[in-house]
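This report refers to the structure that appears directly beneath it.
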Amino acid sequence: MEKCFLPLKAERKLTSLFRQSSLLRQDIELQNKIIAWAKNMLEEAREEWDSIRADTITSIIKSHNKTKAIKGAKNRDKKYATFRKEFALLQKEHYQKAIQNGYQLTANRFVTWFLINKALELEVPYTKQNQKNKLIQLAQANNREFKKLFI
């Protein structure tokens, strides 16, 4: 019998099997065929285990990255939360005044007024390049909420 590649426990069981069977004990060629079969089976199983392991690791990494992204989004949201509240309160006041005066306050009109009159008083957390677009998006969302409240 050639040097075995099997774990020690499996090798002992195979040797015991060879000793117990008189046919196997006498037929070295059959012993070698059984060992070759076991070796092939083990190699195939190891390839499958490696594939499963790689898939598992990939899934864990994706899950970790998703969790990390969600936490990052929550932290960024905290950064903007106080500004959004102050902005919404100010916009709500102007929205109510506009309704009382008989005209509609659009998001663009409010953001233009805000940038001219209040942007220096309130720290706007958005970058300068994207500030106006983000404020318009926020004002549009607020206007949708105000319409539900006042209509």
Side-chain angles (χ1 to χ4, degrees), residues 1-92 94-95 105-116 118-151:
M1 190 161 71
E2 65 183 61
K3 179 68 179 151
C4 209
F5 53 89
L6 294 171
L8 188 58
K9 189 175 180 181
E11 183 181 352
R12 286 183 183 155
K13 286 182 179 180
L14 188 58
T15 303
S16 174
L17 180 68
F18 289 162
R19 286 186 186 144
Q20 289 174 4
S21 171
S22 60
L23 289 175
L24 284 175
R25 211 175 351 174
Q26 295 169 359
D27 194 349
I28 300 296
E29 187 179 329
L30 184 57
Q31 289 179 11
N32 288 335
K33 285 182 181 179
I34 292 172
I35 290 172
W37 170 81
K39 185 176 182 180
N40 288 338
M41 180 201 60
L42 188 58
E43 285 174 357
E44 289 174 5
R46 284 184 178 153
E47 287 174 5
E48 187 177 330
W49 297 334
D50 286 343
S51 174
I52 291 170
R53 182 177 176 269
D55 291 345
T56 302
I57 289 172
T58 302
S59 296
I60 289 169
I61 290 170
K62 283 181 182 178
S63 175
H64 174 72
N65 288 343
K66 184 177 180 180
T67 304
K68 193 171 155 184
I70 290 170
K71 285 181 183 177
K74 286 181 182 178
N75 287 338
R76 282 189 303 279
D77 188 56
K78 287 179 187 175
K79 175 182 169 185
Y80 299 121
T82 55
F83 172 76
R84 281 196 315 264
K85 286 179 186 174
E86 293 174 23
F87 186 79
L89 288 174
L90 187 61
Q91 185 180 357
K92 189 175 184 180
H94 283 266
Y95 192 87
L105 180 64
T106 63
N108 286 338
R109 184 182 296 171
F110 178 73
V111 169
T112 303
W113 174 86
F114 177 82
L115 289 173
I116 293 170
K118 293 290 185 176
L120 297 175
E121 295 174 23
L122 289 176
E123 183 182 334
V124 181
Y126 306 113
T127 59
K128 291 286 185 194
Q129 299 90 340
N130 203 22
Q131 194 173 67
K132 187 172 184 176
N133 289 335
K134 288 293 188 180
L135 289 173
I136 289 172
Q137 289 174 358
L138 182 58
Q140 287 171 339
N142 289 342
N143 274 353
R144 285 190 290 274
E145 291 299 315
F146 299 153
K147 284 180 184 175
K148 291 177 190 175
L149 291 175
F150 297 118
I151 292 178

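Starting from 1, each residue takes its place in the sequence as its number.
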(request) In sequence, state the C-alpha distance, the side-chain angles, and the governing distance for Asn142 and Lys92, and then conclude on side chain to side chain contact (heavy atoms under 4.5 Å, CB included). (result) CA-CA 8 Å; Asn142 289 342; Lys92 189 175 184 180; over 6 Å; no

(message) side chain to side chain contact (heavy atoms under 4.5 Å, CB included) for Glu145 and Lys148? Distances and angles first, verdict last.
(response) CA-CA 5 Å; Glu145 291 299 315; Lys148 291 177 190 175; 3.6 Å; yes

side-chain contact (heavy atoms from CB on, under 4.5 Å) partners for [X], two or more places apart:
X: Gln140; value: Ala107, Ile136, Arg144
X: Thr127; value: Gln129, Asn130
X: Arg84; value: Asp77, Tyr80, Ala81, Tyr126, Leu138

Once rounded to the nearest 0.5 Å, what's the spacing between atom [atom1] of [X] and atom [atom2] of [Y]?
X: Leu42; Y: Trp49; atom1: CG; atom2: CH2; value: 5.5 Å
X: Gln26; Y: Gln31; atom1: CD; atom2: CD; value: 10.0 Å
X: Asp27; Y: Lys33; atom1: CG; atom2: NZ; value: 8.0 Å
X: Glu48; Y: Glu44; atom1: CD; atom2: CD; value: 9.0 Å
X: Arg76; Y: Lys71; atom1: CZ; atom2: NZ; value: 14.0 Å
X: Lys78; Y: Lys74; atom1: NZ; atom2: NZ; value: 8.5 Å

(request) For residues Lys128 and Gln131, determine if any side-chain heavy atom of one lies less than 4.5 Å from a side-chain heavy atom of the other. (result)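 Lys128 vs Gln131: side chains touch.
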
(request) Verify side chain to side chain contact (heavy atoms under 4.5 Å, CB included) between Trp113 and Arg109, making sure each step is shown before the conclusion. (result) CA-CA 6 Å; Trp113 174 86; Arg109 184 182 296 171; 5.8 Å; no

(request) Report the residues that fulfil side-chain hydrogen bond (donor to acceptor under 3.5 Å, both in side chains) with Ser16, sequence neighbours left out, ordered by chain and then residue number. (result) Gln20

Would you mind writing out the side-chain donor-acceptor pairs for residues 53-60 within the sub-3.5 Å range, not counting sequence neighbours?
from  : atom 1 : to    : atom 2 : distance (Å)
Thr56 : OG1    : Ile52 : O      : 2.8
Thr58 : OG1    : Ala54 : O      : 2.9
Ser59 : OG     : Asp55 : O      : 3.0

(request) Heavy atoms only: give me the nearest Asn143-Leu105 pair and the separation to one decimal. (result)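 The answer is ND2-O, 3.2 Å.
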
(message) List the residues meeting ring pair (Phe, Tyr, Trp, His ring centres under 6.0 Å) with Phe87, not counting sequence neighbours, and say none if there are none.
(response)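 Listed in chain order: Phe83, Phe110, Phe114.
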
(message) If we ignore hydrogens and angles and just use 3.5 Å, is the side chain of Thr67 paired with the main-chain N or O of Ser63 as donor and acceptor?
(response)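 Yes, the answer is positive, given that a donor and an acceptor are paired below the 3.5 Å cut-off.
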
